[in-house]
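Right, one structure below, let's go through it.
Basis for what follows: all heavy atoms, side chains included, without hydrogens, waters or symmetry-related copies. Residue numbers begin at 1 in each chain, while the letters A, B, ... track the order of the sequences.
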2 protein chains.
Amino acid sequence: MVDNGDSLSLDDQICFALYAANRAVTARYRPILEELGLTYPQYLVMLVLWQEQCDNAADISNPEGLRISDLGRRLRLDTGTLTPLLKRLAEREMLTRERSSRDERVVEVRLTKKGAALRARAQGIPGRLLCGLDVQPERLIALRTELQDMLRILEETGGSSG
Amino acid sequence: MVDNGDSLSLDDQICFALYAANRAVTARYRPILEELGLTYPQYLVMLVLWQEQCDNAADISNPEGLRISDLGRRLRLDTGTLTPLLKRLAEREMLTRERSSRDERVVEVRLTKKGAALRARAQGIPGRLLCGLDVQPERLIALRTELQDMLRILEETGGSSG
DNA sequence: TCAATTAATATTGTGCACAATATAACGGTG
DNA sequence: CACCGTTATATTGTGCACAATATTAATTGA
């Protein structure tokens, strides 16, 4: 079973392994996130906002807010995905969307109290997921590192030449 | 940077690494598959059909065809995804959808000549992708194995108990 | 100052994913 | 045969993803 990279067998394709594993993990998250009223991409957005709030804990007034473009950079998502997603989260009062007064093009996203409070309920989620998984933590960390490396390589060797 | 599984940091989450890497790989495929007029999930369907055709090479008449339910099992997709996808591929004459005469519930999917011929043009795709990627093949195979293991574990420890 | 350019977000359209439900066909039992 | 539970696929509705385009605001430059 040598993989010279030219096989068209489904089972030989790393791309399919990635595709199927990703959906399986998302499916595992789904019922847990449903308790919080979040979809998986919405959860990722909240993770960024919660992180941001921690980083800005020193500031009292937190005047900045996170731009949609910054969210997009972190999550690798564009506005076609983020705009409606953020509107749904805003409808549920998890966050606010406000035009920046300094630059009217910019929309600043901020957690509401409700959104910030949700963090406590999300705290146990990563643990609960790994819990049901019979895999050594070191192996998961190794896998994560490999995936991050691959992502970095894919993003660095970007566009047209190949 | 210890990961006890309780971090809510985006960068610590294997789930995000999986999510982002999957989309990055899919994005890398997109322009190549566009040459064949296929989306990425459509490509996966074609992979299964091409494989099936190879396996049945001994049969001359190939009366069986692949059931939608079999496709779904292999790709881990349900009819809500597959039915419209297969209709689009049928419109483009890549495959045919026919009710089984023996069991009218079943829809049998078969490659057309055009669909079968596309295999030749797809042959080089895995190679072209890995080519632009500065990663040792062994590392990719190891990553694939890890992902397949994870998928298996996720599917075995299935539903409600946790 | 005002046209041109750039930047940030929004909108539109297509194609997945998936939950929930519907439809139709099979298979067995009385 | 009529009834019933099961199986296979289809349909509907919601929510991503992403390409392409539009909109509005800031910036630059004659």
- Take atom CG of B:L33 and atom C1' of C:dC16, then tell me their distance rounded to the nearest Å. 14 Å
- Are the side chain of B:R23 and the backbone N or O of B:A21 linked by a donor-acceptor pair below 3.5 Å? no
- Task: Would you mind telling me which of A:R74, A:R110, A:R67 makes a salt bridge (Lys or Arg N to Asp or Glu O under 4.0 Å) with A:E52?
- Result: A:R74
- Quick one: A:R73 CZ to C:dT9 P, roughly how many Å, whole number? 9 Å
- A:K87 (side chain) donor-acceptor with A:L82 (main chain) under 3.5 angstrom: no
- Is any side-chain nitrogen or oxygen of B:K87 closer than 4.0 Å to OP1 or OP2 of D:dT11? yes
- Message: If you compare every side-chain N and O of B:Q42 against the phosphate oxygens of C:dC16 (OP1, OP2), does one of them come in below 4.0 Å?
- Response: yes
- Task: Taking the side chain as every heavy atom from C-beta outward, state whether B:C54 and B:R119 have any atom pair closer than 4.5 Å.
- Result: yes
- Item | Atom-to-atom span, CG of A:L75 to P of D:dC16 - whole angstrom | 12 Å
- Task: Could you check which of D:dT9, C:dA10, D:dC16 has an atom nearest any side-chain atom of A:T39?
- Result: D:dC16
- Are any of B:S69's side-chain N or O atoms less than 4.0 Å away from OP1 or OP2 of D:dT9? yes
- Task: Round to the nearest Å and state the distance from B:L71 atom CG to C:dC16 atom P.
- Result: 13 Å
- Side-chain N,O (B:T83) to OP1/OP2 (D:dT9) below 4.0 Å: no
Which atoms of nucleotides 21-27 of chain D (N or O only) lie under 3.5 Å from a protein N or O atom, and what are those distances?
unit_1: D:dA26; atom_1: OP1; unit_2: A:E104; atom_2: N; d: 2.8

- Query: Is the shortest heavy-atom distance from the side chain of A:L85 to the side chain of A:P41 under 4.5 Å?
  - Reply: yes
- Query: C:dG15 P sits how many Å from B:L44 CG, rounded?
  - Reply: 16 Å
- Message: What I'd like to find out is whether the side chain of A:L95 reaches to under 4.5 Å of the side chain of A:L86, using heavy atoms alone.
- Response: yes
- Message: Whole angstroms only, please: what is the CD-P distance between B:E34 and C:dC16?
- Response: 13 Å
- Query: Going by atom types alone, do A:R28 and B:T157 pair a side-chain donor with an acceptor below 3.5 Å?
  - Reply: yes
Write out a two-atom table: protein N or O, nucleotide N or O from nucleotides 17-19 of chain D, distance below 3.5 Å.
unit_1: D:dA17; atom_1: OP2; unit_2: B:Y19; atom_2: OH; d: 2.4
unit_1: D:dC18; atom_1: OP2; unit_2: B:R23; atom_2: NH1; d: 2.8
unit_1: D:dC18; atom_1: N4; unit_2: A:G80; atom_2: O; d: 3.4
unit_1: D:dA19; atom_1: OP1; unit_2: B:R30; atom_2: NH1; d: 3.0

- Any side-chain heavy atom of B:L47 sitting closer than 4.5 Å to one from A:Q13? yes
- Task: Check for a donor-acceptor pair, side chain of A:D149 on one end and backbone N or O of A:R152 on the other, with a separation under 3.5 Å.
- Result: no
- Below 4.0 Å: OP1/OP2 of D:dA10 and any side-chain N or O of B:R97: yes
- What is the distance from CD1 of B:I68 to C1' of C:dA25, rounded to the nearest Å? 15 Å
- Query: How many Å lie between CD on B:E108 and C1' on D:dA10, as a whole number?
  - Reply: 17 Å
